[in-house]
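Below you'll find the structure, written out as structure tokens, and then a few comments.
Note: hydrogens, waters and symmetry copies are ignored here, and every other heavy atom, side chains too, is used. Computed from a predicted structure; not experimentally measured.
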Amino acid sequence: MAKQVFEMDFYGRHITVETGELAKQANGSVLVRYDDTTVLSTACAGKEPKDVDFFPLTVTYEEKMYAVGKIPGSFLKREGRPSTHGTLTARMIDRPIRPLFADGFRNEVQVVNTVMSVDPEATPEMTAMLGASLALSISDIPFNGPIAGVNVGLIDGEFTVNASPEDMKRSEINLEVAGTKYAINMVEADAKEVDEETMLKALMFGHERIKELIAFEEKIVEAVGKEKMEIPLFELDQNIVDEVTALADERMKAAISIPGKLERYDAIDALKAEVVASYEEKDLGEDVDKDDYISQVKMVLDDLERNEVRRLITDEKVRPDGRKVDEIRPLNAQVDLLPRVHGSALFTRGETQVMSIVTLGALGDAQKIDGLGDDADVTWMHHYNFPPYCVGEVGRMGAPGRREIGHGALGERAIRQVMPSTADFPYTVRAVAEVLESNGSSSQASICASTMALMAAGVPIKAPVAGVAMGLVKKGDNYTILTDIQGMEDHLGDMDFKVAGTDKGICALQMDIKIDGITEDILREALAQAKGARKQIMDVMLAAIPAPRDHLSEYAPKYATMHIEVEQIKDVIGKGGEMINKIIEECDNVKIDIDEEGNVAIYHHNQEAIDKAIAYIEKITKKAKVGEIYDGKAVRVEDKYAFIELFEGTNGFLHVKDVSWDRTDKVSDVIKLGDIVKVKVTQITDKGVNVSRKVLLPRPVVKKEDKKEENKNA
């Protein structure tokens with residue numbers, strides 16, 4: 001296929017899509033240019049279905065440092081494992097694509113987005129999402145797209161689309177929204193406490209722009225799209241379905257109605273194990289693949305569980321644990337569980353439990369981010385851990401996976417909206433959320449726990465943040481929105497919609513769905529229901545700790561700030577860091593951070609060490625000011641002038657006429673080397689500091705006859 005180029009203007013920027021020239025052996029490939037941002041997106045599929053019970057889709061977002069003219073800083077000088085941002089972007093692209101493959105599709109699919117050039121003003125993330133959709137849509141891989149995504153901002157009261165990073169610093173909303181031309185199917189957002197109606201308008205504004213991009217994609221697909229390959233979809237044997245249903249359906253319904261998670265899961269697992277064991281003992285005949293048969297029996301049992309849960313919720317409005325659709329599970333909140341940490345809190349909602357621990361560090365402890373954007377120092381970090389014991393299992397312990405990174409980032413985005421500035425609270429702050437028990441929405445529990453831990457640590461957050469996860473079960477036009485979903489409802493339902501915010505408004509959103517899309521009415525109802533739930537949760541949190549403490553833990557580093565002139569920074573640091581290292585050593589290893597504007601922050605557990613370091617720095621950077629009075633030492637005395645040492649490193653120039661009100665022929669007649677002389681600073685010039693002794697002496701009274709004599713002599 002010869003190279004073809006497609007172009008469109010999109011709200012002040014130019015999109016170019018090239019295909020037919022690069023990566024031609026992939027099932028589908030496009031090079032997408034968004035102004036100067038350039039991303040190569042490819043899609044490949046395995047020729048044979050995998051023997052698995054899920055759809056094996058992999059989406060990657062490859063950040064190449066050459067895209068911004070950088071050489072990687074690692075020892076190997078190669079790109080290493082994906083950055084946190086790269087992982088989050090890959091997840092963001094995966095989520096709207098995944099629901100648009102047919103049930104039973106088992107062929108492995110891999111979508112690779114390689115960022116090859118970055119214009120900081122033109123989002124590479126949404127460029128990659130467009131490329132991923134196009135690569136799949138023009139390929140021969142069966143895909144029910146296309147999809148597209150945009151970034152929505154709210155700047156000076158106006159909604160914007162794909163604004164520059166600099167403009168987004170002023171935005172009240174930072175919303176990534178994706179979907180098909182029919183509906184929204186992925187949301188990721190943080191916001192500065194905006195109300196539900198404004199957020200809904202932002203979502204619908206974004207969807208209208210998505211429709212424009214999809215219309216562009218459809219033209220490309222019509223021009224160069226390949227005929228979709230015929231891939232047999234996995235289907236259950238109807239005889240097995242009928243047989244297992246007759247055997248286990250009623251007992252499955254009874255097991256699902258057990259309120260307690262572990263008891264319910266144990267009953268369901270026991271039923272499944274019993275049915276599977278009965279088939280394993282059967283003689284199925286020589287022509288039957290027994291492993292495949294047993295596998296299908298397990299799938300039918302899973303479907304019975306899924307169908308009954310969904311039927312109960314949609315038809316009878318009954319949830320597996322007996323709650324009402326808008327009812328929150330029992331709540332409990334505690335603080336100060338760990339005596340030596342800087343702040344700790346425990347939040348429990350039903351069978352989901354998270355302990356969060358806050359640590360305060362110096363600004364120099366900030367995380368250094370070296371990526372495709374501007375290098376940055378991150379002073380607020382929120383990390384999330386999901387060990388296998390939290391769901392009563394044995395599993396791998398190690399580096400965080402995509403899910404843990406994503407949940408940690410969601411909490412970070414939500415709480416960032418209420419964190420104090422480093423000018424008001426000059427600390428690097430890290431919260432670690434340890435999931436101790438999980439049965440649904442541990443990410444939102446981590447937001448609640450971390451908010452309380454920050455308050456317990458004395459971090460002056462602007463307002464507490466609470467979060468809740470909303471669910472959806474939809475059958476035709478009949479749907480039910482669920483408040484505070486548990487694990488079974490998340491796994492078997494159609495939506496996981498997480499909403500976090502303060503009493504004032506929304507701070508973060510995240511939505512994943514398993515169906516084609518969500519309508520405006522469903523979004524509005526879910527947001528309204530979540531608002532009421534957040535209020536209930538917040539009341540319990542505030543009962544445990546009503547406000548941020550006005551003091552820090554005795555184990556947290558204390559701090560003091562001061563300002564020095566920019567030109568004095570080199571004096572405090574000294575040659576090769578000699579001076580600042582001396583201060584640190586002599587002041588019991590205090591931590592000292594100095595920024596390029598001369599702001600100094602000093603940290604130590606002992607206030608005396610901080611005070612000593614401040615005095616040391618003040619001594620180095622001290623400057624004389626007009627009007628100040630000093631008891632200085634005469635370090636040089638000449639006939640017409642003397643130098644008086646005001647303090648270490650600064651001498652005052654004393655002219656003979658400023659020594660006394662009486663006539664003075666020589667300075668040495670009044671002042672000797674080494675004398676302590678009281679002087680006042682009268683002038684500061686480029687040449688130095690001028691001082692006067694006589695202005696501090698009583699001025700002689702001149703008699704009238706003396707004045708007449710003076711005039712006569714004159």
Taking the side chain as every heavy atom from C-beta outward, state whether [X] and [Y] have any atom pair closer than 4.5 Å.
{"X": "T160", "Y": "D167", "result": "no"}
{"X": "E79", "Y": "K64", "result": "yes"}
{"X": "L360", "Y": "Y603", "result": "no"}
{"X": "M419", "Y": "T379", "result": "no"}
{"X": "M204", "Y": "I184", "result": "yes"}
{"X": "I93", "Y": "V111", "result": "no"}
{"X": "H382", "Y": "L410", "result": "no"}
{"X": "I173", "Y": "F205", "result": "no"}

Show me the pairs that pass salt bridge (Lys or Arg N to Asp or Glu O under 4.0 Å) and involve [range], at least two apart or across chains.
{"range": "residues 22-39", "value": "R13-D35, E18-R33"}
{"range": "residues 153-163", "value": "D156-R170"}
{"range": "residues 105-133", "value": "K50-E108"}

**Prompt:** Is there a side-chain contact (heavy atoms from CB on, under 4.5 Å) between T502 and C507 once you walk through the steps?
**Reply:** CA-CA 7 Å; T502 65; C507 291; 3.9 Å; yes
Just jot down the side chain to side chain donor-acceptor pair (under 3.5 Å) partners of [X], sequence neighbours excluded, or say none.
{"X": "Q417", "answer": "D190"}
{"X": "T561", "answer": "none"}
{"X": "H407", "answer": "none"}

Between [X] and [Y], which heavy-atom pair has the shortest distance, and what is it?
{"X": "V152", "Y": "G206", "answer": "CG2-CA, 3.6 Å"}
{"X": "L100", "Y": "G145", "answer": "CD1-CA, 4.2 Å"}
{"X": "A148", "Y": "L213", "answer": "CB-CB, 3.8 Å"}
{"X": "I138", "Y": "S29", "answer": "CD1-O, 3.7 Å"}
{"X": "V354", "Y": "S446", "answer": "CG1-CA, 3.8 Å"}
{"X": "R402", "Y": "V59", "answer": "NH2-O, 2.7 Å"}

Excluding sequence neighbours, so at least two apart, what forms ring pair (Phe, Tyr, Trp, His ring centres under 6.0 Å) with [X]?
{"X": "F101", "result": "F55, F105, F143"}
{"X": "Y61", "result": "none"}
{"X": "Y66", "result": "none"}

Under 3.5 Å, is there a donor-acceptor pair between the side chain of [X] and the main chain of [Y]?
{"X": "N107", "Y": "G46", "value": "yes"}
{"X": "T37", "Y": "A122", "value": "yes"}
{"X": "K226", "Y": "G28", "value": "no"}
{"X": "N113", "Y": "T60", "value": "yes"}
{"X": "H207", "Y": "A202", "value": "no"}
{"X": "D94", "Y": "A90", "value": "no"}
{"X": "E404", "Y": "F386", "value": "yes"}
{"X": "N185", "Y": "P96", "value": "yes"}
{"X": "D593", "Y": "G364", "value": "yes"}
{"X": "T428", "Y": "A362", "value": "yes"}

Atom pair [atom1] ([X]) and [atom2] ([Y]), whose distance is rounded to the nearest 0.5 Å:
{"X": "L57", "Y": "Q110", "atom1": "CG", "atom2": "CD", "result": "9.5 Å"}
{"X": "I447", "Y": "S356", "atom1": "CD1", "atom2": "OG", "result": "11.0 Å"}
{"X": "H14", "Y": "T16", "atom1": "NE2", "atom2": "OG1", "result": "3.5 Å"}
{"X": "H604", "Y": "I592", "atom1": "NE2", "atom2": "CD1", "result": "10.5 Å"}
{"X": "L509", "Y": "N174", "atom1": "CG", "atom2": "CG", "result": "11.5 Å"}
{"X": "K514", "Y": "D496", "atom1": "NZ", "atom2": "CG", "result": "8.0 Å"}

**Message:** Set out, in order, the CA-CA distance, both residues' side-chain angles and the distance that settles side-chain contact (heavy atoms from CB on, under 4.5 Å) for W380 and I415, then state yes or no.
**Reply:** CA-CA 9 Å; W380 158 237; I415 298 174; 3.7 Å; yes
**Message:** Quick one, S164 with E166, criterion side-chain hydrogen bond (donor to acceptor under 3.5 Å, both in side chains). Give me CA distance, side-chain angles, the key distance, then yes/no.
**Reply:** CA-CA 5 Å; S164 70; E166 192 61 35; over 6 Å; no
Between [X] and [Y], does any side-chain N to carboxylate O distance fall below 4.0 Å?
{"X": "E188", "Y": "R91", "answer": "no"}
{"X": "E222", "Y": "K219", "answer": "no"}
{"X": "E218", "Y": "K181", "answer": "yes"}
{"X": "D365", "Y": "K591", "answer": "yes"}

**Message:** Test of understanding: with side-chain contact (heavy atoms from CB on, under 4.5 Å), list the residues that count as partners of H491, not counting sequence neighbours.
**Reply:**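 By the side-chain contact (heavy atoms from CB on, under 4.5 Å) rule, H491 matches no residue at all.
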**Message:** If the condition is side-chain contact (heavy atoms from CB on, under 4.5 Å), which residues does E565 pass it with, not counting sequence neighbours?
**Reply:**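 Only E567, Q568, K623 meet the side-chain contact (heavy atoms from CB on, under 4.5 Å) criterion with E565.
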**Prompt:** Could you walk me through whether V341 and V358 pass the side-chain contact (heavy atoms from CB on, under 4.5 Å) check?
**Reply:** CA-CA 7 Å; V341 303; V358 165; over 6 Å; no
**Request:** Mind jotting down which residue pairs meet the side chain to side chain donor-acceptor pair (under 3.5 Å) criterion with at least one end in residues 127-138? Sequence neighbours excluded, please.
**Result:**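 Residue pairs with at least one partner in residues 127-138: S133-E217.
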**Request:** Tell me, with the steps shown, if I594 and I580 meet side-chain contact (heavy atoms from CB on, under 4.5 Å).
**Result:** CA-CA 10 Å; I594 307 175; I580 198 166; 4.0 Å; yes
Taking atom [atom1] of [X] as the centre, does the number of heavy atoms from other residues, nucleotides or ligands within less than 6.0 Å exceed 12?
{"X": "K201", "atom1": "NZ", "answer": "no"}
{"X": "D424", "atom1": "CG", "answer": "yes"}
{"X": "K575", "atom1": "NZ", "answer": "no"}

**Item:** Y559 and Y427 aromatic centres sub-6.0 Å
**Value:**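 Yes, the ring centres sit under 6.0 Å apart.
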